[in-house]
Amino acid sequence: MPKVKKASKSVIKLVKGMKDILPNEQVYWELIRNKVSAAARDYGFQYIDTPVVEATALFKRAVGEETDAVSKEMYSFVDQGGEKLSLRPENTAGVVRAYIEHGMLNLPQPVKLFYFAPQFRHDKPQAGRYRQFWQFGFEVLGENDPIVDAQMISLSYFILQELGLNVEVQVNSIGDDNCRPKYMKTLVNYYKDNKKDLCPDCQKRLLHNPLRLLDCKVKKCQDLAKDAPQTVDHLCDECNKHFTSVLEYLDELDVKYNLNSKIVRGLDYYTRTAWEIVETSEEGKLNALGGGGRYDDLVYLMGGRQTPAIGFACGVERIINKMKDVKAPLPENWRPDVYVATLGPEARKKALHLLLELRKENVSVSEDLAKTGLKGQLESADKKGARFALILGQKEIVDGTVLIRDMENGVQEVVDIKKAVKEVQKRLEHHLIAKVLKKSK
Ligand code: HAM
């Protein structure tokens with residue numbers, strides 16, 4: 001054995017706000033990925049990956065220079081070639097860039113895309129808020145019909161429900177270019193006399209982004225927002241008609257929703273329908289697990305032709321935290337079909353081949369070939385929940401046989417090693433049939 005060196009160097013730690021996703025958490029990730037992929041398949045969405053790094057100008061233009069995500073939280077840098085780049089704070093801008101760049105404008109519309117990807121925001125780390133976090137998101141480009149708004153809202157709602165979460169939709173309409181400028185004037189007018197009572201951020205927002213005054217989390221700003229004019233009371237006829245239809249379709253869909261005039265979203269590209277999927281914390285605070293909205297002007301703003309669009313994204317870590325809180329049901333742990341146990345050096349060599357053969361036939365296997373004691377190996381087989389163990393000892397090597405042990409009742413049989421895989425498959429089939437029959441009784 002080589003001499004073990006004692007630790008002497010300092011340990012380099014995880015970067016603040018980042019998170020390792022350890023093996024014991026992967027069951028949640030796999031479940032969410034599977035649910036998202038199944039929903040995407042059922043609703044006709046295709047998967048897209050865009051790069052983590054994009055031109056800083058993309059986010060400035062798409063998300064908005066005055067938004068917190070861009071002005072305060074973006075990881076930006078100049079690369080060796082002098083290009084101004086940023087880690088994406090969200091994925092819609094990249095998807096829209098790709099849609100325009102790859103001529104998806106000329107495909108039959110709508111184009112329906114989804115992603116499952118890490119995002120980066122240099123936010124203040126706290127519970128449920130990370131600097132690298134994952135989102136799954138769905139985007140529909142090239143469709144204006146309000147029925148799609150309702151379908152997207154219900155898609156976001158039902159995915160979270162299927163994950164065992166009791167969530168609610170908060171929905172609003174923030175109008176469009178036609179009615180919003182007038183509404184903004186009314187809003188600024190309302191705040192004019194109370195400017196000094198606003199938090200420093202909101203005093204700036206009043207100049208550049210007055211809509212955001214409505215969802216500020218500072219108490220005194222929230223108090224003032226209570227009586228502020230509401231977007232829905234200032235919609236033009238077209239926006240009003242659109243929103244009324246969205247709500248009618250939502251009623252059809254049995255989605256639990258609340259009208260909430262404070263849902264204005266933190267990113268600049270939204271028009272008309274905006275929503276958040278929230279859960280209520282014990283203190284009664286709304287915690288956003290996802291959010292989205294229409295962005296009918298974004299493709300045009302990014303250099304394409306006018307194309308209506310809508311989408312949403314949900315935060316995977318926040319969903320998992322909530323699933324843990326409510327002890328959401330998880331799928332059964334993976335169990336190997338067969339555990340291969342050995343005794344002696346020849347048996348270990350033979351086992352290497354046996355494992356390959358089993359894997360080739362799609363039999364799921366497990367082993368601890370570096371362990372030498374048979375007792376320890378069988379204990380491990382038991383712990384892993386293996387259905388059968390294949391045991392190879394000196395005697396079996398000499399005889400050209402192997403022992404098949406049923407791990408449930410301990411019954412062992414000797415079989416020809418050449419027929420081991422077939423024998424295992426036969427028993428697994430019987431096992432499966434017996435299980436199905438038991439369930440149907
Ligand atoms: P967003 O509301 O900024 O929207 O983010 C969506 C979700 O990502 C949030 O509801 C939250 O669950 C999660 N999230 C955001 N920031 C963090 C963070 N620092 N740590 C953990 N989770 C976080 C968007 O990003 C839009 N692109 C959604 C969209 C798609 N709109 C149209 N299409």
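One-based numbering, in listed order, for ligands and for the atoms of each.
Between the side chains of N172 and S261, not a single donor N or O lies within less than 3.5 Å of an accepting N or O. N91 and Q119 are linked by a side-chain donor-acceptor pair at a separation below 3.5 angstrom, with hydrogens and angles left out of the test. In the model, E279 has no side-chain atom that pairs as donor or acceptor with a side-chain atom of N166 under 3.5 Å.
For ligand 1, the atoms lying closer than 4.0 Å to a non-hydrogen atom of E90 are 25 (O), 26 (C), 27 (N). Taking a cut-off of under 4.0 Å to the non-hydrogen atoms of Y270, the atoms of ligand 1 that pass are 26 (C), 28 (C), 29 (C), 31 (N), 32 (C). Less than 4.0 angstrom separates some heavy atom of F312 from each of these atoms of ligand 1: 29 (C), 30 (C), 32 (C), 33 (N). Of all the atoms in ligand 1, the ones that sit under 4.0 Å from a non-hydrogen atom of G292 are 31 (N). Using a 4.0 Å cut-off to heavy atoms of R129, the atoms of ligand 1 that qualify are 18 (C), 19 (N), 20 (N).
A donor-acceptor contact shorter than 3.5 Å links the side chain of R335 to the backbone of G385. No donor-acceptor pair under 3.5 Å is formed between the side chain of T244 and the backbone N or O of H242. Side chain of R121 to backbone of P89: a donor-acceptor contact under 3.5 angstrom is found.
The pair R272-D177 does not count as a salt bridge, with every side-chain nitrogen at least 4.0 angstrom from each carboxylate oxygen.
For atom 20 (N) of ligand 1, the closest non-hydrogen atom on the protein side is Y130 N, 2.9 Å. Given atom 1 (P) of ligand 1, the protein heavy atom at minimum distance is R265 NH2, 3.5 Å. From the protein, the heavy atom lying nearest to atom 8 (O) of ligand 1 is Q135 NE2, 3.2 Å. Closest protein heavy atom to atom 12 (O) of ligand 1: L289 O, 3.0 Å. Of the protein's non-hydrogen atoms, R121 NH2, 2.9 Å is the one closest to atom 3 (O) of ligand 1. Closest to atom 14 (N) of ligand 1, if we only count protein heavy atoms, is F133 CE1, 3.5 Å.
Judged by the 6.0 Å distance and 45° axis criteria, R294 is not positioned over the aromatic ring of W275.
Distances between N or O atoms of Y269 and those of ligand 1 include at least one value under 3.5 Å. Distances between N or O atoms of G315 and those of ligand 1 include at least one value under 3.5 Å. Taking any N or O of A288, backbone or side chain, at least one lies under 3.5 Å from an N or O belonging to ligand 1. Here's the thing with N91: none of its N/O atoms is less than 3.5 angstrom from an N/O atom of ligand 1.
The shortest distance between side-chain heavy atoms of L369 and T342 falls below 4.5 Å.
For the pair E317 and ligand 1, no heavy-atom separation below 4.0 Å is found. Ligand 1 lies nowhere less than 4.0 angstrom from a heavy atom belonging to Q119. In this structure, F138 falls outside the shell of residues with a heavy atom less than 4.0 angstrom from ligand 1. Contact between G290 and ligand 1 is present, with at least one heavy atom of the residue lying under 4.0 Å from the ligand. Contact annotation: G266 has no heavy atom less than 4.0 Å from any atom of ligand 1.
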Please assess D237 against K241 for the test salt bridge (charged side-chain N to carboxylate O under 4.0 Å, His left out), listing each intermediate value before the final yes or no. CA-CA 6 Å; D237 285 349; K241 216 169 95 195; over 6 Å; no
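Contacts with ligand 1 closer than 4.0 Å are made by side-chain heavy atoms of R318 only, the backbone lying farther away. Under 4.0 Å from ligand 1, the heavy atoms of L267 that appear belong solely to its side chain. Of the heavy atoms in E139, only side-chain atoms (C-beta onward) come closer than 4.0 Å to ligand 1.
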Which donor-acceptor pairs under 3.5 Å do side chains of residues 105-117 form with protein atoms, sequence neighbours excluded?
{"residue": "Q109", "atom": "OE1", "partner": "Y99", "partner atom": "OH", "Å": "2.5"}
{"residue": "Q109", "atom": "NE2", "partner": "M104", "partner atom": "O", "Å": "2.8"}
{"residue": "Q109", "atom": "NE2", "partner": "L105", "partner atom": "O", "Å": "3.2"}
{"residue": "Q109", "atom": "NE2", "partner": "L107", "partner atom": "O", "Å": "2.7"}
{"residue": "K112", "atom": "NZ", "partner": "Y43", "partner atom": "O", "Å": "2.8"}
{"residue": "Y115", "atom": "OH", "partner": "E139", "partner atom": "OE2", "Å": "2.7"}

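If you look at F138 and F45, their ring centroids are closer than 6.0 Å.
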